[in-house]
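In what follows, a structure is listed as structure tokens, so that the remarks can point back to it.
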Amino acid sequence: MADNIKVKLPDGSIKELPKGSTALDVANSISPRLGQAALVAKIKPSSNGNEFRLVDLTAPLAEDVELRILTEKDPESLEVFRHSSAHLLAAAVLELFPETKLGHGPPTDSGFFYDFYREQPFTPDDLAAIEKKMAELAQQDIPYRREMLSRDQTLADAQQHGDFMKCHFIEQFVQPGEQASFYKTGKFVDFCRGPHIPSTGRIKAFKLLTLAGAYWLGDAKNKQLQRIYGTSFYSKKELDAYLHQMEEAKKRDHRVIGKQLDLFSIQELAGPGLIFWHPKGGTIRKLMEDWMREEYIRRGYSLVYTPHILRVETWKTSGHEGYYAKNMYPPMEMDDAFYRVKPMNCPGHILIYKSDLRSYRDLPQRYGELGTVYRYELSGVMHGLLRVRGFTQDDAHIFCTPQQIEDEIVGCMDFALAVLKTYGFDQFQVELSNWDPKDRANYAGTDEQWDLAMRSLESALKRSNIEYKLIPGEAAFYGPKIDVKLVDAIGRLWQLSTIQFDFTLPQRFELEYVGEDGARHQPLMVHRALYGSIERFFGVLIEHYAGAFPAWLSPTQVAIVPITDRHVGYAASVESMLKDVGIRSHLDARSEKMNAKIREHAMQKVPFILVIGDKEAETGKVNVRTRGKEKTEDMSAQDFVAHLKHLVDTKATSL
RNA sequence: GCUGGCGUAGCUCAGCUGGUAGAGCAUCUGAUUUGUAAUCAGAGGGUCACAGGUUCAAGUCCUGUCGCCAGCUCCA
């Protein structure tokens with residue numbers, strides 16, 4: 001029959017239906033329950049393409065297709081569902097504030113947003129009203145209907161209504177002569193590619209979360225729009241679980257834990273983005289630095305130190321005075337010369353390199369420094385330890401020959417992985433950034449240099465067996481790079497490790513080495529930082545461990561709790577045993593009840609609490625309460641010391 | 001830097017429509033000598049971020065500044 005089409009389903013079966021039937025018809029013909037559960041469909045037309053694409057359930061099928069009906073079980077449905085939720089939000093906003101102009105409203109990883117333009121700002125009360133209106137519209141179970149309209153007509157309409165953003169989108173996404181797809185939800189009409197879920201009634205659990213500014217087209221020179229963020233789920237239960245999870249994540253926030261555990265502070269009197277490391281935080285930092293320095297030495301780096309301020313002439317030579325000046329603190333004058341606080345360590349290391357004539361036999365030179373730098377960051381971007389104005393980089397610069405570069409990069413990658421492993425990170429993203437081929441003119445360095453650099457970066461990643469994302473256009477103008485990023489408590493991504501080529505500085509400073517051929521050559525230069533910034537790394541660590549640091553990093557490793565004053569003597573002898581092997585312990589001899597002391601030390605997340613009473617004093621034992629464990633254990637003081645020492649020496653990430 | 005929100009004791013927060021501040025925890029002092037997450041009693045502690053303004057009267061209203069929070073932008 002010519003008017004029928006064949007629909008092939010995932011199980012291989014084929015259904016024949018009249019032409020123009022919809023995916024929903026197919027779903028209903030399989031079972032009414034599937035029809036109800038269906039949210040969206042995926043089709044692969046027989047005539048063209050070998051890729052499935054998402055379509056509305058109500059889209060008429062014009063030819064033979066392979067079809068998949070998607071329900072809540074399919075991850076792709078959630079995006080469509082949330083996109084439809086964004087439309088519901090926009091519909092509610094237009095009902096309440098008809099003068100509002102629409103931007104766009106996509107789904108995000110955890111929900112959706114919609115951008116609006118309106119002279120008057122939305123208030124939190126407005127948000128509540130909008131949410132209520134959304135609930136009403138959902139209640140009415142309004143279908144999402146797709147309509148194809150003429151480009152010219154809709155453009156003219158949009159222009160007439162002053163919908164400047166929609167005009168822009170239509171002009172950009174619809175070719176002249178083509179039709180533009182719109183989605184209607186009751187009175188609400190939005191230019192949109194779709195697809196959407198069948199109707200608003202499916203959106204049963206949603207919540208508007210925050211109100212924020214967003215620049216039109218992401219450009220600070222443009223108008224600022226009002227962005228309303230929200231999230232939606234298939235059920236109230238999932239929504240509640242999500243909100244609960246967000247609450248829990250907030251408890252892991254390094255700013256909250258930093259205060260609770262008295263690790264660091266930022267003080268208004270001193271200035272924003274400047275970190276005070278308190279004694280406990282300082283202890284952890286010292287341990288992080290010690291380990292890093294040991295690794296530097298083990299891996300053939302030389303430790304160097306460079307000044308915090310350098311004459312502006314250095315910054316002119318490096319080019320920072322030109323292109324980085326807006327991020328630098330202003331010059332200060334001394335003895336008729338101007339000095340600037342360093343925003344980077346590289347020029348200092350270069351000056352060390354340049355202090356002597358280098359032979360190819362001297363290379364590679366690896367200069368490492370825990371160098372504190374200061375950068376001016378916009379006032380709105382500071383964020384606890386994760387984005388600051390003064391920070392210490394574990395910064396190293398490698399100067400080497402082209403023949404050595406691949407091994408050097410492999411060495412860097414190996415080092416970077418050792419860092420991640422030591423701190424127990426298993427979730428991270430690696431990005432390899434190349435230049436933007438459309439924009440070659442804006443990059444420094446020769447084609448050969450870029451080629452060599454990209455090859456060595458890629459092969460290092462492959463040799464290290466690391467999955468990575470190649471991102472064209474993300475490279476700095478001075479060279480390609482590898483970045484390692486980690487997520488914070490609420491899912492934000494932060495860059496830590498970076499391995500970057502620099503083709504400009506060796507040239508600007510006229511670096512050279514004498515090759516085998518007796519001629520002068522320019523060395524390759526690589527910047528690499530693995531913690532990135534010690535402040536940021538510490539912030540991510542706090543969240544990663546939720547403040548419960550592994551034994552080797554804990555500021556106080558053992559709290560000793562004598563039950564009464566008469567046990568203090570024996571407790572002190574246990575403490576001195578611990579101190580003898582370098583364990584950080586605290587004898588809590590206050591006249592408090594044992595329970596109160598245990599509670600306090602437990603809240604401070606001390607890994608081990610030793611309770612000492614008559615029983616222990618008589619037998620030379622200690623009663624060990626291990627963080628996170630229900631049961632306490634009795635063991636000899638010697639055994640406990642050995643156990644803890646082992647955890648520390650192996651940098652065990654669990655107790 | 002931009003948009004919106006916020007800023008009360010060391011910390012977490014209360015303080016209705018303006019009538020010159022309060023709780024819990026923490027701190028200090030005393031008592032208490034305790035077996036696995038808070039012993040009891042008493043005391044001290046605030047120019048309500050800062051600077052102006054309106055008012056008979058401002059923590060509360062207005063303006064500016066600083067800082068914090070969320071997002072945007074930036075991130076050589």
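For clarity, every value in this text was computed on a predicted model and none was experimentally measured. In what follows, every chain begins at residue 1, and chains take the letters A, B, ... in the order their sequences are listed.
- In this entry B/C25 has B/G10 as its Watson-Crick or G-U wobble partner, both defining distances falling under 3.5 Å.
- With A/K597 as reference, A/H601 is the one residue of A/H601, A/E600, A/R599, A/M594 to meet the side-chain contact (heavy atoms from CB on, under 4.5 Å) rule.
- B/G1 sits 16 Å from B/U65 when the C1' atoms are compared, rounded to a whole Å.
- Heavy atoms of A/N595 sit under 4.0 angstrom from primed sugar atoms or phosphate atoms, though from no base atom.
- Remark: A/R255 is not in phosphate contact with B/C68, judged by side-chain N or O atoms under 4.0 Å from OP1 or OP2.
- At a threshold of 4.0 angstrom between heavy atoms, the contacts of A/Q260 with the nucleic acid are absent.
- Across all strands shown, nothing is found opposite B/U36 as a Watson-Crick or G-U wobble partner with both distances under 3.5 Å.
- Within a 6.0 Å radius of NZ in A/K485, more than 12 heavy atoms belonging to other residues, nucleotides or ligands are found.
- Across B/G35, B/C74, B/U39, the shortest atom-to-atom separation from the side chain of A/V381 is found for B/C74.
- When ring centroids are compared, A/F113 and A/H104 come within the 6.0 Å threshold.
- Among the heavy atoms of the strands lying under 4.0 Å from A/M603 is at least one base atom, whether or not backbone atoms are also near.
- Summarising the geometry, the separation between CD on A/Q267 and C1' on B/C66 is reported as 15 Å, rounded to the nearest angstrom.
- Base pairing analysis places B/G4 opposite B/C69; the two distances defining the Watson-Crick or G-U wobble pair are each below 3.5 Å.
- Of the listed nucleotides (B/G71, B/U73, B/G35), B/U73 has the atom at the smallest distance from the side chain of A/L378.
- Residue contacts for A/F113: at a heavy-atom cut-off of 4.0 Å it reaches no nucleic acid atom on any strand shown.
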**Message:** Determine whether A/Q429 and A/Y468 satisfy the following criterion, side-chain hydrogen bond (donor to acceptor under 3.5 Å, both in side chains), listing intermediate values before the conclusion.
**Reply:** CA-CA 7 Å; A/Q429 283 186 19; A/Y468 63 93; over 6 Å; no
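- Using the six-membered ring where Trp is involved, A/F169 and A/W216 have ring planes that are perpendicular, over 60° apart on the 30 and 60° scheme.
- The interatomic distance linking A/L385 (CG) with B/C68 (C1') rounds to 15 Å, in whole Å.
- One atom, CG of A/D126, and another, P of B/G5, lie 10 Å apart when rounded to the nearest Å.
- The separation of B/A23 from B/G45, taken at their P atoms, amounts to 14 Å, rounded to a whole angstrom.
- Using a 4.0 Å heavy-atom cutoff across all strands shown, A/D502 reaches no nucleic acid atom at all.
- Within the nucleic acid shown, A/E268 comes within 4.0 Å of at least one base atom, counting heavy atoms only.
- OP1 or OP2 of B/U34 lies within a sub-4.0 Å distance of a side-chain N or O belonging to A/R566.
- No contact: A/R590 has no heavy atom under 4.0 Å from any strand.
- Distance CG/A/L386 to OG/A/S533: 8.5 Å, rounded to 0.5 Å.
- For A/Y376, the listed nucleotide lying nearest its side chain is B/G1; candidates were B/A37, B/U33, B/G1.
- Atom CG in A/D262 sits roughly 13 Å away from atom P in B/U12 (whole-Å rounding).
- OP1 or OP2 of B/C68 has not a single side-chain nitrogen or oxygen of A/H383 nearer than 4.0 Å.
- Rounded to whole Å, the separation between the C1' atoms of B/U55 and B/U20 comes to 14 Å.
- With hydrogens and angles ignored, a donor-acceptor pair closer than 3.5 Å exists between the side chain of A/R387 and the base of B/C74.
- As judged by a 4.0 angstrom heavy-atom cut-off over every strand, A/N327 is placed among residues making no nucleic acid contact.
- As judged by a 4.0 angstrom heavy-atom cut-off over every strand, A/A602 is placed among the base-contacting residues.
- Look at the P atom in both B/C13 and B/G30: the space between them is 33 Å, to the nearest Å.
- The interatomic distance linking A/K259 (NZ) with B/C13 (C1') rounds to 13 Å, in whole Å.
- A cation-pi arrangement is present between A/K223 and A/Y117 under the rule of less than 6.0 angstrom and at most 45 degrees off the ring axis.
- The side chain of A/T564 lies closest to B/U33, out of B/G5, B/A38, B/U33.
- Nucleotides B/C16 and B/G59 are separated by 13 Å at their P atoms, to the nearest Å.
- Nucleic acid contact for A/R625: base, since at least one base atom lies under 4.0 Å from a heavy atom of the residue.
- Closest contact between the side chain of A/K615 and the listed nucleotides B/A38, B/C72, B/G35 involves B/G35.
- Atom pair A/I609:CD1 and B/A38:P shows a separation of 12 Å (rounding to whole Å applied).
- Among the protein residues, A/G319 comes within range of no part of the nucleic acid, since none of its heavy atoms lies under 4.0 Å from any strand.
- One C1' atom belongs to B/A41, the other to B/G53, and the distance between them is 48 Å to the nearest Å.
- Of the candidate nucleotides B/G67, B/A37, B/U73, B/U73 has the atom lying nearest to any side-chain atom of A/A220.
- The 12-atom threshold is not exceeded at CD of A/Q120, counting heavy atoms of other residues, nucleotides or ligands nearer than 6.0 Å.
- Using a 4.0 Å heavy-atom cutoff across all strands shown, A/E616 reaches at least one base atom of the nucleic acid.
- For A/T632 and B/U36, the shortest distance from a side-chain N or O to OP1 or OP2 is not below 4.0 Å.
- With P as the reference atom, B/C50 and B/A21 are 16 Å apart, rounded to whole Å.
- Within the 4.0 angstrom heavy-atom criterion, no nucleotide atom of any strand lies near A/K597.
- Comparing the P positions of B/G24 and B/G42 gives an interatomic distance of 11 Å, to the nearest angstrom.
- Side-chain atoms of A/Y215 come within donor-acceptor range of the base of B/G1, with a qualifying N/O pair under 3.5 Å.
- In the set B/G67, B/G4, B/A38, the nucleotide with an atom closest to the side chain of A/R599 is B/A38.
- Within a 6.0 Å radius of CZ in A/R311, other residues, nucleotides and ligands contribute 12 heavy atoms or fewer.
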